[in-house]
Every structure is written in structure tokens, then in C-alpha cells.
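Inspection log for the structure reproduced underneath, given as C-alpha cells.
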Amino acid sequence: MDKAKILIVDDEARMRKLVRDFLMLKDFQVVEAEDGEQAVEIFFDQKDIQLIILDVMMPKMDGWDVLRTIRKYSEVPVIMLTARTEENDELNGFGLGADEYIAKPFSPKILVARVEAILRRSGTASSDVIDVGGIKIDKSAHQVSVEGETVDLSFKEFELLTYFVENQGQALSREKILNNVWNYDYYGDARTIDTHVKKLRSKLGPDGDYIKTVWGMGYKFLPEHDAK
């Protein structure tokens with residue numbers, strides 16, 4: 001299940017790569033622009049961009065002009081990035097319709113958290129309730145039921161199941177699962193995943209069979225209606 005497409009606009013390739021890598025760890029789709037003119041062209045050409053991370057100081061067309069141009073036609077969420085921290089700059093950004101204003105240097109993890117929060121507020125993020133193959137996940141209440149019966153999961157078991165369901169049909173490597181469920185900076189043994197999967201399968205009963213082992217790689221969540 002695809003997540004939102006995000007446009008990163010920054011004239012520094014290193015900065016774009018840093019932000020892109022952290023967003024892709026959360027399975028966001030990412031497109032990039034290296035200046036303001038290119039950003040405007042991509043935004044109006046692709047149509048389905050759901051959030052913009054926009055640097056202020058850029059050649060050809062700065063972030064303020066990009067924001068002014070886009071706001072004439074769209075209310076797409078925009079996070080402004082800048083090395084300038086003056087109050088007037090922040091007020092200018094919000095006055096032009098920015099949703100967030102983040103000063104460099106910043107924590108990429110905090111930026112991703114802001115992205116997810118904005119998308120939830122805007123209704124672009126995934127639904128809070130997922131119902132598939134007899135398994136119902138209520139993300140806001142942090143509850144899971146199987147065939148109508150509530151199942152008691154630990155925090156990590158809940159996160160792992162949610163990640164599987166949101167990426168159903170995809171073969172997920174242990175490394176990717178670690179990065180997304182146990183966070184990017186987790187350095188534990190990949191066998192942690194196998195232990196949690198074993199417990200999760202047991203708690204899900206017959207529906208635990210939806211979690212397929214991909215030998216030599218990791219796991220795949222395949223509901224009954226897709227198992228043929």
C-alpha cells in the first residue's frame with residue numbers, strides 16, 4: 001500500500017539525499033527538485049504530490065516565490081526549511097501559507113515525524129482503521145481484533161503487524177523490518193524479528209498463517225484472499 005508522494009526541494013544534493021533516505025525508510029514516495037523553477041514544474045506536472053519540503057534560499061526562484069506560486073492553485077501541505085532563524089522569516093512563511101517552519105540543522109527523524117503528523121491532519125495519511133483478512137487494526141486506539149475477538153499484543157508486536165499489513169504482498173527483508181519497526185538506529189540482532197513473528201503468529205491463531213516466510217530474506221504478509 002503506497003504512502004504519500006513527497007517533493008523535496010533543495011539546491012544541496014547532500015541535503016536532498018539525507019531527507020530522501022529517511023523518508024524512504026518509512027516507505028514514502030519521493031521526488032526531488034534542485035531549484036525553485038524545477039519544483040514548480042514538477043509539482044504542476046505530476047499532480048499527485050501530497051506534501052512539499054521546501055528550502056528557502058535557492059537559485060533561480062527562492063522558496064518564498066515557490067510557495068506564493070503554489071498557493072495560488074493548491075493547499076498542499078508545505079514544510080519550509082531554512083538556515084535563517086529570524087522571527088520575521090517564520091512569520092513570512094506562515095503568512096504565505098506554510099504549514100511548518102524548520103531551521104537547519106535539524107533532526108531527520110523529527111522532520112519525518114512532522115511529515116507524518118501533517119499528513120494525518122490533512123487526511124492524507126493511511127486510515128486509522130485497517131481491516132484485512134479477518135484482522136482489524138485500530139491504529140489510534142492501538143487495538144487489534146481477529147475474527148471479532150480482541151487480541152492482546154505488545155507494543156512491538158502491534159507495530160510489526162501494522163507494518164506487515166500496510167505493506168501486504170511485499171517481500172520485506174529483515175533489515176528493512178528492523179529499520180522501520182525498530183527504528184533506523186537499532187543495532188540489535190535480526191533474530192529479534194523472528195522471535196516477534198513467532199509470537200505474533202501464535203496470537204493471531206489461524207490468521208497467523210498470513211505471515212509467510214521468505215527464505216533467506218524475511219517475511220511477506222499475504223491475506224487469504226491473495227494467497228491463491
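The analysis underlying the following values was restricted to heavy atoms, covering all of them including side chains, and did not include hydrogens, waters or symmetry mates. A quick note: this is a predicted structure, and the numbers were derived from the prediction, not measured. In this chain, residues are counted from 1 in sequence order.
Between atom CD of residue Glu100 and atom CG of residue Leu81 there is a gap of 10.5 Å, rounded to the nearest 0.5 Å. Note that CD of Glu159 is 12.0 Å distant from CG of Leu200, once rounded to the nearest 0.5 Å. Taking CD1 from Ile177 and OG1 from Thr192, the interatomic distance works out to 12.0 Å, rounded to the nearest 0.5 Å. Here the straight-line distance linking atom CG of Leu153 with atom OG1 of Thr150 works out to 10.5 Å at 0.5 Å rounding. Here the CD1-CZ distance, from Ile53 to Arg16, works out to 12.5 Å after rounding to the nearest 0.5 Å. Here Leu172 contributes atom CG and Leu178 contributes atom CG; the two are 11.5 Å apart, rounded to the nearest 0.5 Å.
At a cut-off of 3.5 Å, with distance as the only test, a side-chain donor of Thr213 or Arg201 sits close to an acceptor on the other residue. A side-chain donor from one of Gln46 and Lys5 sits under 3.5 Å from a side-chain acceptor of the other.
Looking at Lys198 and Asp194, no side-chain N of the basic residue comes within less than 4.0 Å of a carboxylate O on the acidic one, giving no salt bridge.
Side-chain contact check for Ile137 versus Ile135: some heavy-atom pair is nearer than 4.5 Å. Annotation: side chain of Val19 is in contact with side chain of Leu111 (closest heavy-atom distance under 4.5 Å). Taking 4.5 Å as the limit, every side-chain heavy atom of Leu54 sits out of range of all side-chain heavy atoms of Ile79. Side-chain contact between Leu204 and Leu161: present, with at least one pair of heavy atoms (C-beta onward) separated by less than 4.5 Å. Between Val9 and Met58, the closest side-chain pair of non-hydrogen atoms falls below 4.5 Å. Side-chain contact between Ile6 and Phe28 is present, with heavy atoms from C-beta onward closer than 4.5 Å. Within the 4.5 Å cutoff, no side-chain heavy atoms of Lys212 are placed close to those of Phe221. In this structure, Val151 and Phe158 have side chains that are not in contact, with every pair of non-hydrogen atoms separated by 4.5 Å or more.
When all heavy atoms of Ile118 and Pro77 are compared, the closest pair comes out as CG2-CB, 3.4 Å. Nearest heavy-atom pair across Asp62 and Val56 is CB-O, 3.2 Å. Here the closest non-hydrogen pair linking Ile42 and Ala33 is CD1-CB, 4.0 Å. Residue Ala4 comes nearest to Leu119 through the heavy atom pair CB-CD1, 3.7 Å, listed as atom of the first residue, atom of the second, then distance.
Between the side chain of Lys220 and the backbone N or O of Ile211 there is no donor-acceptor pair closer than 3.5 Å. A donor-acceptor contact shorter than 3.5 Å links the side chain of Ser107 to the backbone of Ile110. Without hydrogens or angle criteria, Ser74 side chain to Ile70 main chain gives no donor-acceptor distance under 3.5 Å. Under the 3.5 Å distance criterion, the side-chain polar atoms of Gln38 are matched with a main-chain donor or acceptor of Glu34.
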Next item on the list: Let me see the working for Asp35 and Met61 under side-chain contact (heavy atoms from CB on, under 4.5 Å), right down to the final yes or no.
Entry: CA-CA 7 Å; Asp35 60 58; Met61 186 178 188; over 6 Å; no
Item checked: Test log, rule salt bridge (charged side-chain N to carboxylate O under 4.0 Å, His left out), inputs Arg71 and Asp99 -> CA-CA 12 Å; Arg71 279 292 175 260; Asp99 295 85; 3.3 Å; yes
Item checked: Asp10 and Lys104: CA distance, side-chain angles, deciding distance, salt bridge (charged side-chain N to carboxylate O under 4.0 Å, His left out) verdict -> CA-CA 12 Å; Asp10 199 303; Lys104 297 178 181 178; 3.0 Å; yes
Next item on the list: Applying side-chain contact (heavy atoms from CB on, under 4.5 Å), run through Thr195 and Lys199 and close with a yes or a no.
Entry: CA-CA 6 Å; Thr195 300; Lys199 292 179 180 177; 4.1 Å; yes
Notebook entry, point to check: What's the verdict on side-chain contact (heavy atoms from CB on, under 4.5 Å) for Val76 and Phe43, showing C-alpha distance, side-chain angles and the deciding distance?
Noted result: CA-CA 10 Å; Val76 63; Phe43 179 76; 3.7 Å; yes
Note to self: Using salt bridge (charged side-chain N to carboxylate O under 4.0 Å, His left out), reason through Glu157 and Lys203 one step at a time and then give a plain yes or no.
What the structure shows: CA-CA 10 Å; Glu157 288 165 355; Lys203 291 183 178 182; 2.7 Å; yes
Next item on the list: Evaluate the side-chain contact (heavy atoms from CB on, under 4.5 Å) criterion for residues Asn167 and Asp27: first the C-alpha distance (whole Å), next the side-chain angles of each, then the deciding distance (0.1 Å), finally the verdict.
Entry: CA-CA 9 Å; Asn167 293 276; Asp27 290 330; 3.1 Å; yes
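Val214 and Ile193 are not part of a single hydrophobic cluster, where members link through side-chain heavy atoms under 4.5 Å apart. Linking Ile, Leu, Val, Met, Phe, Trp and Tyr whenever their side-chain heavy atoms come within less than 4.5 Å puts Leu7 and Tyr73 in one cluster.
For Glu147, the CD atom counts as densely surrounded, since its 6.0 Å shell holds more than 12 non-hydrogen atoms of other residues, nucleotides or ligands. Counting heavy-atom neighbours within 6.0 Å of Asp48 CG, excluding the residue itself, gives a total above 12. Enclosure of atom CE in Met217 by more than 12 non-hydrogen atoms of other residues, nucleotides or ligands within 6.0 angstrom is indicated.
Below 30°, between 30° and 60°, or above 60°: for Trp64 and Tyr101 the angle between ring planes is below 30°, a parallel geometry.
Proximity of the aromatic rings of Tyr210 and Phe164 is defined here by a centroid distance below 6.0 angstrom, and this criterion is not met.
With sequence neighbours excluded, no residue forms a ring pair (Phe, Tyr, Trp, His ring centres under 6.0 Å) with Phe106.
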